[in-house]
*Asks:* 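My questions will all concern the structure given below.
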Number of protein chains: 2
Amino acid sequence: MAHMPVTERRTRLLSAAFEVIARSGVSGATTRAIVDEADMKLASFHYAFESREDLLAQLVDVVVDTQEVVLGIPADTAGGLRELLERGLLSYFDQVRANPLHERAMFELTQYALRTPSMAGVAERQYGRYRALAEASLREAAARTGCAWQTPVPELAADLVALTDGITLAWLADGDDERAHRTIAFAARALAAEATPDPSPRPHFPRNKPLPGADSDVSANEHAETMETS
Amino acid sequence: MAHMPVTERRTRLLSAAFEVIARSGVSGATTRAIVDEADMKLASFHYAFESREDLLAQLVDVVVDTQEVVLGIPADTAGGLRELLERGLLSYFDQVRANPLHERAMFELTQYALRTPSMAGVAERQYGRYRALAEASLREAAARTGCAWQTPVPELAADLVALTDGITLAWLADGDDERAHRTIAFAARALAAEATPDPSPRPHFPRNKPLPGADSDVSANEHAETMETS
DNA sequence: ACGCAACTGGGACGATTGACCCAGTCGCTG
DNA sequence: CAGCGACTGGGTCAATCGTCCCAGTTGCGT
């Protein structure tokens with residue numbers, strides 16, 4: 001393989017490692033699997049990194065610092081706060097659905113960091129970043145619609161992160177797009193209820209409806225309108 | 001070690017495996033680590049199970065079927081629906097906090113099932129069970145307070161599962177009890193808003209406040225039991 | 001052009017892994 | 001109480017793991 005400065009080799013190995021982790025988990029990310037994915041020789045690994053743990057630690061660092069998957073608050077201001085949040089959540093969900101392996105790798109790395117004593121605090125930093133990103137989105141959404149949050153935004157950011165995490169985890173497990181869409185609608189309702197009603201004329205009383213744009217199958221299966229307190 | 005029927009040996013090995021997974025992850029649950037935890041000899045492993053994968057598959061099965069960690073809806077009906085839900089969530093959270101390793105092992109097993117082709121559908125079944133348990137709790141809470149859900153309960157169950165998952169994951173990462181309590185309060189508010197207001201005199205308009213008992217009490221019910229898979 | 005440091009290739013090592021084998025021992029049944 | 005099937009113990013195997021070593025090769029500064 002062609003010569004290559006160490007720094008670029010490091011970068012490529014980190015990317016390859018992430019790829020392998022997404023596919024086979026952290027335990028499957030052996031030094032040989034990583035260099036194979038990066039199309040390198042085994043010796044190059046220990047020339048670029050001191051050890052496998054060294055690479056893993058740097059990977060977590062990089063991944064946490066470059067995390068950008070967030071609500072994409074739409075530019076157009078059509079609709080009220082609730083609708084804006086819902087579209088932002090749908091945009092996030094589309095990212096997840098487009099690349100499920102990415103989220104799986106993130107969860108995998110989080111758990112690895114959680115059970116590795118030498119990486120104590122990394123998971124905490126990761127969630128701090130999630131919350132910061134969520135907070136920015138919430139502020140933007142409120143500003144865009146002229147609403148004001150009635151709950152401290154950092155607190156709402158934690159709520160939003162919990163919701164997106166929960167939605168993502170459930171979807172990774174069952175792959176049910178429609179259910180995810182319904183939960184997203186619920187999340188948007190719940191968050192919008194924490195702000196002053198937007199000044200638009202719309203009387204915000206959005207009972208959830210079949211969500212146009214969801215896949216056509218799955219339809220009326222477990223959606224019985226009869227619930228009641230058994 | 002003393003003689004022992006295969007069935008009991010299997011049970012013990014499953015428990016030991018769960019313990020090891022909680023401590024060291026699935027990848028750390030080697031045959032030797034498991035038999036060591038169970039205080040057995042290595043040969044007993046392959047006498048009780050065909051292979052390591054066999055044990056893991058059976059463990060996931062057992063764990064999914066015996067999952068019982070849910071909202072403990074309190075027996076006393078003091079307070080409205082929102083308060084009842086909040087206390088139920090706090091009860092769940094106490095279980096998690098009393099034994100964080102249990103939840104970590106559950107996430108670990110879910111991810112293992114997710115990336116193991118031969119176990120396709122197990123994660124889906126797991127979340128189906130979560131939803132069923134959540135649905136039962138929601139119905140109970142509504143019945144207890146005389147409220148009626150205005151959204152299909154199976155749908156709300158998915159929302160509740162997403163919330164608890166998100167809360168749990170965030171707490172496992174940062175260990176922030178107070179933040180978890182705030183998110184729980186948010187979750188209770190959000191869910192209660194999906195029901196008809198309870199007939200009690202209280203005009204439910206709970207802007208959140210500094211949470212008077214957030215850090216010290218919560219000790220209504222403390223089961224620091226062993227978790228166990230049996 | 002030249003030399004030296006940066007980099008590569010291939011092999012090797014010890015440790016650990018899942019799996020297996022088989023001679024021995026236990027304990028129930030008849 | 002005798003015997004046979006159920007069970008145990010300890011050793012062994014090939015495969016794979018992380019890590020290391022070192023003789024070669026490349027490319028850059030001078």
*Asks:* Distance-only, no hydrogens or angles: does the A:Arg179 side chain make a donor-acceptor pair with backbone N or O of B:Ala158 under 3.5 Å?
*Replies:*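 Side chain of A:Arg179 to backbone of B:Ala158, a donor-acceptor pair under 3.5 Å: no, none is there.
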*Asks:* Reading nucleotides 23-30 of chain D 5' to 3', which nucleotides get B (base under 4.0 Å from a protein heavy atom), which S (sugar-phosphate only), which -?
*Replies:* ---B----
*Asks:* What is the per-nucleotide protein-contact pattern of nucleotides 12-22 of chain C, from the 5' end, where B denotes a base atom under 4.0 Å from a protein heavy atom, S denotes such proximity for sugar-phosphate atoms only, and - denotes neither?
*Replies:* B----BBB-B-
*Asks:* Answer yes or no: are there more than 12 heavy-atom neighbours, outside A:Arg104 itself, under 6.0 Å from its atom CZ?
*Replies:*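 Yes, because the 6.0 Å sphere around CZ of A:Arg104 holds more than 12 heavy atoms from other groups.
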*Asks:* Figure out the CZ/P separation between B:Arg10 and D:dA6, and round it to whole Å.
*Replies:*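 Value for this atom pair: 13 Å.
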*Asks:* Is it the case that A:Tyr130 and A:Gln126 place a side-chain donor and acceptor less than 3.5 Å from each other?
*Replies:*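 Side chains of A:Tyr130 and A:Gln126: pair found under 3.5 Å.
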*Asks:* Taking atom P of C:dC26 as reference, at what distance in whole Å does atom CD of B:Glu8 sit?
*Replies:*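 Computing the B:Glu8:CD to C:dC26:P distance gives 18 Å.
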*Asks:* I'd like to know if the side chain of B:Thr164 and the backbone of B:Leu160 have a donor-acceptor N/O pair within less than 3.5 Å.
*Replies:*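 At least one qualifying donor-acceptor pair exists.
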*Asks:* Between side-chain atoms of residues 14-30 of chain A and protein atoms elsewhere (two or more places apart, or another chain), which donor-acceptor pairs fall under 3.5 Å?
*Replies:*
{"from": "A:Ser15", "atom 1": "OG", "to": "A:Thr11", "atom 2": "O", "distance (Å)": "3.3"}
{"from": "A:Arg23", "atom 1": "NH2", "to": "A:Glu37", "atom 2": "OE1", "distance (Å)": "2.5"}
{"from": "A:Thr30", "atom 1": "OG1", "to": "A:Ala33", "atom 2": "N", "distance (Å)": "3.0"}

*Asks:* Can you confirm whether the side chains of A:Thr168 and A:Glu103 place a donor and an acceptor under 3.5 Å from each other?
*Replies:* no
*Asks:* Under a 3.5 Å cutoff, is there a donor and acceptor pairing between the side chains of A:Asp54 and A:Gln58?
*Replies:* yes
*Asks:* Could you check how far CG of A:Asp54 sits from P of D:dC20, rounded to whole Å?
*Replies:*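 For the pair A:Asp54 CG and D:dC20 P, the rounded distance is 12 Å.
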